[in-house]
Amino acid sequence: MTEIECKFLIKNTDFLKGKTGIRITQGYLSTDKERTVRARIKGEKGFITIKGKSNDSGLSRYEWEKEIDLQEAQELLKLCLPGVIDKTRYEIIIENHIWEIDIFHGENNGLLLAEIELQSETEQFSKPEWLDKEVTGDVRYYNSYISENPFCSW
């Protein structure tokens, strides 16, 4: 399946007051430029995900994800490369899109990202006022990158 998404920095988190997020812990078994393989625990569920290389615009890439047993995900996280990602994700619905808002913790504390998944690379969408600079295609904001190069070291 092809994933098409735009990624933005966030100005502030005031718009999240009163909302509940879900904690995500994820690690990478491979951060190869052609493919990344990650294990993730999202709340009480486990997942394994393989992502291909992004296209030239950075908007699209192949993604395969499968839910796995929570205990299996915990075991896979033990095998992951150093630099496990810890974040809280909020989902905000605006018009017919779901915005995923990630607030990073630990070594990536202070990093605030928003992603929107699209049906096509040319699909139009409204940009909320809390968005800042677009960072789609900037590899520094890929989770696989910040797992190896934490935000605190920039």
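All values below were derived from every heavy atom in this structure, side-chain atoms included, with hydrogens, water molecules and symmetry-related copies excluded.
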With rounding to the nearest 0.5 angstrom, report the [atom1] to [atom2] distance, [X] to [Y].
X	Y	atom1	atom2	value
K33	S144	NZ	OG	11.0 Å
K17	N12	NZ	CG	8.0 Å
I92	E100	CD1	CD	11.0 Å
E63	I50	CD	CD1	10.5 Å
T31	N143	OG1	CG	12.5 Å
D138	L9	CG	CG	8.5 Å

Just so I know, are the side chains of [X] and [Y] near enough to count as touching, which here means a heavy-atom distance under 4.5 Å?
X	Y	result
Y28	C80	no
L29	L79	yes
T88	I22	no
I41	L77	yes
N109	C152	no
L16	D14	no
H105	R23	yes
T2	R61	no

Are a donor atom and an acceptor atom from the side chains of [X] and [Y] found within less than 3.5 Å of each other?
X	Y	result
T136	E5	no
H97	E117	no
S147	Y142	no
D86	Q26	no

E3 atom CD, neighbour heavy-atom count above 12 within 6.0 Å: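 For E3, atom CD is crowded (more than 12 foreign heavy atoms under 6.0 Å).
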Atom CG of D32 with >12 non-hydrogen neighbours under 6.0 angstrom: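 Yes, CG of D32 has more than 12 neighbouring heavy atoms, counting only those of other groups under 6.0 Å.
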Between [X] and [Y], is there shared hydrophobic-cluster membership here, with clusters defined by ILVMFWY side-chain heavy atoms closer than 4.5 Å?
X	Y	answer
Y141	F104	yes
V37	I146	no
I101	I98	no

Pair L76-K78, side chain to side chain contact (heavy atoms under 4.5 Å, CB included): steps then yes or no: CA-CA 5 Å; L76 286 174; K78 294 175 186 175; over 6 Å; no
Lys/Arg N to Asp/Glu carboxylate O, E65 vs R38, below 4.0 Å: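 Result for this pair is yes, salt bridge flagged.
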Check ion pair R89-D102 (N to O, under 4.0 angstrom):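 Yes, this pair counts.
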Pair listing, ring pair (Phe, Tyr, Trp, His ring centres under 6.0 Å) test, anchored in residues 72-92, at least two apart: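 Found none.
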Pair listing, ring pair (Phe, Tyr, Trp, His ring centres under 6.0 Å) test, anchored in residues 111-140, at least two apart: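 Passing the test, one end in residues 111-140: F15-W130, W99-F125, W99-W130.
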E72 side chain vs I68 backbone, donor-acceptor pair below 3.5 Å: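 No, E72 side chain to I68 backbone: no donor-acceptor pair under 3.5 Å.
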Donor-acceptor contact present, side-chain N149 to main-chain S153, <3.5 Å: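 Not at all, since once roles are kept as given, no pair shorter than 3.5 Å links the two residues.
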Option passing side chain to side chain contact (heavy atoms under 4.5 Å, CB included) with I103 (candidates L113, N108, L111, L112):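 Result for side chain to side chain contact (heavy atoms under 4.5 Å, CB included) with I103: L112.
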Heavy-atom pair with the smallest gap, counting every atom of C6 and F8: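 What the structure gives for the nearest pair is CB-CE1, 3.7 Å.
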Heavy-atom closest pair, residues R40 and I24: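 Heavy atoms of R40 and I24 come nearest at NE-CG2, 3.5 Å.
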Within the 6.0 Å centroid threshold, strictly below: F47 and W64: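 Between W64 and F47, which both carry aromatic rings, the centre distance is not below 6.0 Å.
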K7: salt bridge (Lys or Arg N to Asp or Glu O under 4.0 Å) partners, not counting sequence neighbours: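 In terms of salt bridge (Lys or Arg N to Asp or Glu O under 4.0 Å), with neighbours along the sequence ignored, K7 is linked to E115.
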Residue pair Q71, Q74: steps toward the side chain to side chain contact (heavy atoms under 4.5 Å, CB included) verdict: CA-CA 5 Å; Q71 187 174 354; Q74 291 168 334; 4.3 Å; yes
Residues T36, S30; criterion side chain to side chain contact (heavy atoms under 4.5 Å, CB included); working and verdict: CA-CA 5 Å; T36 59; S30 171; 5.9 Å; no
Side chain to side chain contact (heavy atoms under 4.5 Å, CB included) evaluation trace for V84 with T25: CA-CA 7 Å; V84 171; T25 305; 3.4 Å; yes
